[in-house]
Amino acid sequence: MMPPDRTHLPVSVAGSDRPSPVEHSSVDNTVDSARIGTVVQAGDVGGSVIVVSAPPLAAQRPLRQLPPARPIVDREGVLAELDALYHRGTTSSRVLVVAGAPGVGLRTAALAWAHRHASEFEAHAVVSVTSGLYAAQGVLLTALGLDPDRLPHEIGDRAAWWRHHTSGTRTLVVAVDPPPGIAGVEALLPGAAGSVVLVASHHPVLDRTGVPHPPVSVGAMTDDHLRELVSRMLGDQRVASDPEGVQALVARCAGLPLAARIVAGVVGLRHPNAPLSQIADRLDLTAGLATQMGPIMDQAYAALPEDAVPLYRAIGACDLTELTRGLAMALLGGDATTVDRALEALVIAGLADEIEPDLYRVRDLAREHARAMAQSADPAAARTALVLRAARYLEPILRLANRTSGRDLGPAPTADSADAQPDTPFDGMSPTQALDWIEQRRQIVIHLCQATLDQGLPLWTEWLGTALWVVTEWRGDRELRDLLSGIRRAAAQLSQDPHALRRAIGRIGQDYTEAGEWDAALPYLLESRALAAAADDPAAPRDRRTADKRLANWHVLRGRERLLQSDPRGLDDLREADNGLTVLIADYEAAGLLGKAAAALTMRAQARLGADRRLDALRDSERAIELVLHHGDQLHEARARITHAEILTAWGDVPAARGELAKIEQSAAARALPPRDQARWSDLDSIFDDSAT
């Protein structure tokens, strides 16, 4: 991270398609703009410059994101407690938390406090944390004017960028709806002294050490305060003309402002002129919170305009907690005006909130109710078609994101019951922007994974789950990886195809391996190998070879990491990989699978280089390049040449190694390299630059 007091020296030179910027290395004054973000002068360096992983200058967009102030009812005590914490002036008080049960109005209370103190801050932002801190950081940095394509991939680096670009601006961040068990919200703290993060959460919010931040509790309202709230929504004149009717309504709301808002929405939409006493008699509400909200939701559903009913049921069929305007259009299949009316009706009825432009969140109670309405009103075939339409909406953005990882998922499964792919708003996005888009809305994809599984669509489930895994590679989110692993395994079991099950389990193990989750990967790799060894169907030989290759790859990567940590067990891993790959290479060549043989040779070269068998490694990499040129696979060629360059560098032949990397740069495969291979390329570049200096 670049210290804030260093001087920025912008460099304007020709761009390049080279991946992976070099960090912390000395270079000549001719600098490739695609490889650096910011150049800083660090004293007299004799005509050279120092390249650091510093954030590019922001476009200096002002953060003025507080929505208009709304009248607040019965929350003066909560605001006073927040004031007391705020004025203590301690470091810990820079994170304030309001907490309470669903429906008590946490967001309203947080925004009310923010408005009261807005003049004390030079900037203010409201951000949803439903998808985690990483996504929230991306939203905040983008709001500052930073290019989404240039944002770092680690949560710590994003926090450093955020602090750097807010270091001179006292900022208030209102963070709403964090997931259960969230820790380390300090990652959202701005850099200027006196800045504050105010969190509105239904769950405990933990600091970096796992200790809960002391919350200010928001409780239920009295009937008098609920009456005041309803009066503000329906108008004083109407409420004053029928006080008994208003009391009959609010007495059934169990003290929840949300319930009062929904009731007022029902009255305003369905009974704009009827006396409130008559409406209260028609509302079949019983005492008690558990039974109270169901009938209230029924009334809100009954009051929806005709256009909004299909959308509400579609939300339930796909089990969505969030949806975009584009996804709503895909589900309804209607024009933009119809969709906008439907979304507005859901918001007015208190069933959903527009949390940011083009993103709506369905309230928890509404989601459960919508699911029940979909089950009761729509046949299974109709629900399946809706889920497929939702999945197809995401298909282009997921394909675009997959390009960043170099992973080719192949065509998504097709289904006769799915409608044609609707127009989507993804044209013009880069793969990095697509990853950011998914990260900010990953809850949509998670629920669609589960929905396709529930509707018996195993191929779509596996495809969506694998695509979402690309995003987890950015986050390093083990909990999400485990969730997706379970979904993908269940999808493979649902398919009742032994080959699909072996493939899915092996791929899960491979994904854990690429993420460096060694202990999590090994059971999947061994299970996939055992299933393939015991099978006798036509796909079994191919699955056995694939399982052996994945297990060997695990040993190579694990062995190299152990050796870097001075763990002698790394040599055992590399020897195990070498033995297995020797058998596998012969098997591939005998079957005429030269591309596969080249990949296995490249892997064995890495193992032998790690074990300091340089001459053997060099022979393997040369043979791999020879085979892959014959086979015509550019991606395998690029990987083989990177390995060959590593071996040549170990021999001290830097010019020849540079030549290998230059050959990669001339091919289209350079842009499709997975992150791990791009990192290897970047490491070699760094070595070459250092040697030149």
Side-chain angles (χ1 to χ4, degrees), residues 1-4 53-55 58 63 65-66 81-99 106-107 109-111 113-114 117 120-144 146 151-217 439-440 474-480:
M1 172 64 193
M2 185 190 69
S53 57
L63 285 177
Q65 295 182 342
L66 284 182
E81 289 186 56
L82 284 172
D83 284 343
L85 284 175
Y86 171 57
H87 290 302
R88 284 180 187 173
T90 63
T91 301
S92 62
S93 69
R94 295 180 69 197
V95 175
L96 308 178
V97 178
V98 289
L106 294 181
R107 180 187 175 95
L111 291 176
W113 188 89
H117 294 272
E120 302 171 32
F121 298 90
E122 297 161 333
H124 37 71
V126 181
V127 63
S128 169
V129 199
T130 303
S131 295
L133 295 173
Y134 183 91
Q137 289 172 319
V139 172
L140 290 171
L141 289 168
T142 303
L144 283 174
L146 291 168
L151 299 184
H153 296 177
E154 299 295 332
I155 193 168
D157 292 340
R158 288 192 169 199
W161 281 38
W162 171 242
R163 289 192 300 270
H164 169 69
H165 284 295
T166 54
S167 59
T169 307
R170 196 163 184 245
T171 304
L172 169 63
V173 177
V174 181
V176 297
D177 297 333
I182 192 169
V185 291
E186 292 88 347
L188 300 180
L189 273 171
S195 296
V196 169
V197 173
L198 174 58
V199 186
S201 175
H202 301 305
H203 315 280
V205 176
L206 312 180
D207 64 16
R208 295 187 188 96
T209 64
V211 176
H213 287 281
V216 174
S217 296
E439 173 57 39
Q440 294 164 19
W474 276 32
R475 291 178 54 85
D477 189 332
R478 174 62 184 274
E479 183 178 354
L480 181 55

Are [X] and [Y] side-chain neighbours, meaning at least one heavy-atom pair lies under 4.5 Å?
| X | Y | value |
| --- | --- | --- |
| Leu206 | Val211 | no |
| Asp207 | Val95 | no |
| Leu96 | Val197 | no |

[atom1] of [X] to [atom2] of [Y]: how many Å apart, nearest 0.5 Å?
| X | Y | atom1 | atom2 | answer |
| --- | --- | --- | --- | --- |
| Asp157 | His164 | CG | NE2 | 13.5 Å |
| Trp162 | Leu146 | CH2 | CG | 10.0 Å |
| Arg158 | Leu141 | CZ | CG | 7.0 Å |
| Phe121 | Leu66 | CZ | CG | 10.0 Å |
| Thr166 | Leu63 | OG1 | CG | 8.5 Å |
| Leu188 | Leu140 | CG | CG | 6.5 Å |

Among residues two or more places apart or on two chains, list those pairs meeting side-chain hydrogen bond (donor to acceptor under 3.5 Å, both in side chains) that have a residue in residues 177-190. Asp177-Arg361, Glu186-His213

Side-chain H-bond candidate by donor/acceptor type, [X] with [Y], under 3.5 Å:
| X | Y | value |
| --- | --- | --- |
| Trp113 | His117 | yes |
| Thr130 | Ser128 | yes |
| Tyr86 | Glu120 | yes |

For [X] against [Y], the heavy-atom pair lying closest together:
| X | Y | value |
| --- | --- | --- |
| Leu198 | Ala110 | CD2-O, 3.4 Å |
| Leu82 | Val97 | CD2-O, 4.4 Å |
| Pro214 | Leu85 | O-CD1, 4.3 Å |
| Pro178 | Ile182 | CB-CG2, 3.7 Å |

Say whether, by atom type as modelled, one donor and one acceptor occur between the side chain of [X] and the main chain of [Y] under 3.5 angstrom.
| X | Y | value |
| --- | --- | --- |
| Gln65 | His124 | no |
| Glu81 | Val216 | no |
| Arg107 | Val176 | no |
| Thr171 | Thr169 | yes |
| Arg94 | Pro190 | yes |

Kindly write out the residues that satisfy side-chain contact (heavy atoms from CB on, under 4.5 Å) with His203, not counting sequence neighbours, or none if the list is empty. Pro180, Ser201

Could you pull out all residues at least two apart from Ser217 that satisfy side-chain contact (heavy atoms from CB on, under 4.5 Å)?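 side-chain contact (heavy atoms from CB on, under 4.5 Å) check on Ser217 returns nothing, list empty.
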
side-chain contact (heavy atoms from CB on, under 4.5 Å) between Leu133 and Val185: does it pass, once the steps are laid out? CA-CA 7 Å; Leu133 295 173; Val185 291; 4.2 Å; yes

